[in-house]
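Numbering of residues begins at 1 and proceeds along the displayed sequence. Since the structure is predicted, the reported quantities are computational estimates derived from the model, not experimental observations.
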Amino acid sequence: MTAPHCRDESTELRLSSAEPERFAAIFDAHFAEIHRYVASRLGLSAAEDVVADTFLTAFRNRSRYDAARGGVRTWLYRIATNLISMQRRAEMRALRAMGRQSPDLAVEGPENRVVTSVTAQGLQPAIAEAITSLNDGDRDVLLLVALAELSHEEVAAALGIPYGTVGSRLNRARKKVREALGDTNPMHDAEPGSPERTPGRG
């Protein structure tokens, strides 16, 4: 899903270099979404500092933003994902904790969102374990698609990798999750707008 008014946001960010108060519009537009993404990966307690650092980093580096490399939303995901990479232990703890939750509980976490088409809640621990077993690059791609609902092009921009690499990493990640589910496919690999796209937030 591409954020609306991408051009206006780019202009707002550029103007904020001379008028810092304009950055508040960027914060207001994206804070809730970035917070959901980080909290889903790290848990609420660890997310607070990471989200704050994401917007502080964006503010400090706003003059270096390059619209040619993607929209403001994608740029913020790039910063957030880079900061998450420094919290891998916290992410592993969060995933394993969610995997230990009772199957009767509604868990707002990566393994739940990744498997929105899977109704057997008892599969959560296996999915959490599969996600923790992924290498960092594959996990980032999988969760940017599943949690942030970024397109392959946006993921490529967010991670600074070639478009084709996104597909290969996602295929590897999906294969591992499928194996953990006994070859049940928890998520269709499709671009936004495709009829096979896994339902996410509206």
Side-chain angles (χ1 to χ4, degrees), residues 1-4 6 9-10 30 33-34 36-42 50 54 65-88 91-92 94-95 98-99 108-119 123-124 126-202:
M1 182 178 72
T2 302
C6 182
E9 288 190 338
S10 297
H30 297 286
E33 181 180 356
I34 296 298
R36 280 194 301 269
Y37 169 68
V38 177
S40 293
R41 294 192 61 167
L42 299 180
V50 172
T54 295
Y65 166 71
D66 182 3
R69 296 181 60 189
V72 171
R73 174 176 178 258
T74 304
W75 180 61
L76 291 171
Y77 273 111
R78 181 191 314 156
I79 296 170
T81 301
N82 285 340
L83 291 171
I84 288 171
S85 72
M86 303 175 190
Q87 303 282 337
R88 293 304 188 193
E91 182 175 25
M92 296 302 99
L95 278 166
M98 285 182 274
E108 280 296 325
E111 72 281 13
N112 239 14
R113 293 170 185 252
V114 170
V115 296
T116 51
S117 63
V118 177
T119 57
L123 295 176
Q124 287 179 354
I127 298 165
E129 186 61 32
I131 294 173
T132 61
S133 73
L134 299 174
N135 66 49
D136 293 348
D138 291 357
R139 186 167 55 253
D140 284 340
V141 167
L142 176 68
L143 297 182
L144 280 168
V145 170
L147 300 180
E149 298 182 5
L150 299 189
S151 67
H152 288 196
E153 184 177 354
E154 289 172 321
V155 173
L159 298 181
I161 59 178
Y163 181 93
T165 301
V166 174
S168 61
R169 288 186 181 181
L170 186 57
N171 284 338
R172 281 198 302 269
R174 290 172 64 235
K175 181 180 179 181
K176 278 206 170 187
V177 175
R178 280 200 305 269
E179 289 172 351
L181 298 174
D183 284 332
T184 298
N185 190 354
M187 169 180 117
H188 291 292
D189 175 12
E191 295 285 350
S194 164
E196 292 190 349
R197 180 120 177 115
T198 301
R201 63 185 191 284

To the nearest 0.5 Å, atom NE2 of His30 lies from atom CH2 of Trp75 at 10.5 Å

Inset, instruction - Evaluate whether atom CZ of Arg69 has more than 12 neighbouring non-hydrogen atoms of other residues, nucleotides or ligands under 6.0 angstrom away. - result: no

Residues Asn135 and Asp138: closest non-hydrogen pair is OD1-N, 2.8 Å

In terms of heavy-atom contacts, Val177 and Ala130 come closest through CA-CB, 4.1 Å

Tightest non-hydrogen contact, residues Leu144 and Ala158, listed as CD1-CB, 4.4 Å

| task | Could you go through the side chain to side chain contact (heavy atoms under 4.5 Å, CB included) check for Gln87 and Arg41 one step at a time? | result | CA-CA 10 Å; Gln87 303 282 337; Arg41 294 192 61 167; over 6 Å; no

One should read off an interatomic distance between Leu170 CG and Asp140 CG, to the nearest 0.5 angstrom, of 12.0 Å

Rounded to the nearest 0.5 Å, the CG atom of Leu83 sits from the CZ atom of Arg78 at a distance of 12.5 Å

Tightest non-hydrogen contact, residues Val50 and Ala80, listed as CG1-O, 4.5 Å

### Query
In terms of ring plane angle, is the pair Tyr163 and His152 parallel, tilted or perpendicular, where the classes change at 30° and 60°?
tilted

To the nearest 0.5 Å, atom CG of Leu42 lies from atom CE of Met92 at 9.0 Å

> Taking it one step at a time, do Glu33 and Glu149 satisfy side chain to side chain contact (heavy atoms under 4.5 Å, CB included)?
Replying inline: CA-CA 11 Å; Glu33 181 180 356; Glu149 298 182 5; over 6 Å; no

Tightest non-hydrogen contact, residues Ser10 and Tyr65, listed as OG-OH, 3.2 Å

Rounded to the nearest 0.5 angstrom, the CZ-CG distance for Arg169 and Leu134 is 11.5 Å

So Arg73 and Glu9, salt bridge (Lys or Arg N to Asp or Glu O under 4.0 Å) or not? Walk me through it.
CA-CA 9 Å; Arg73 174 176 178 258; Glu9 288 190 338; over 6 Å; no

Checklist line | side chain to side chain contact (heavy atoms under 4.5 Å, CB included) between Glu91 and Leu143, intermediate numbers included | finding: CA-CA 12 Å; Glu91 182 175 25; Leu143 297 182; 3.7 Å; yes

Between Val155 and Val141 the two heavy atoms that sit nearest each other are CG1-CG2, 4.1 Å

So CG of Leu147 and CG of Leu142: to nearest 0.5 Å the spacing works out to 8.0 Å

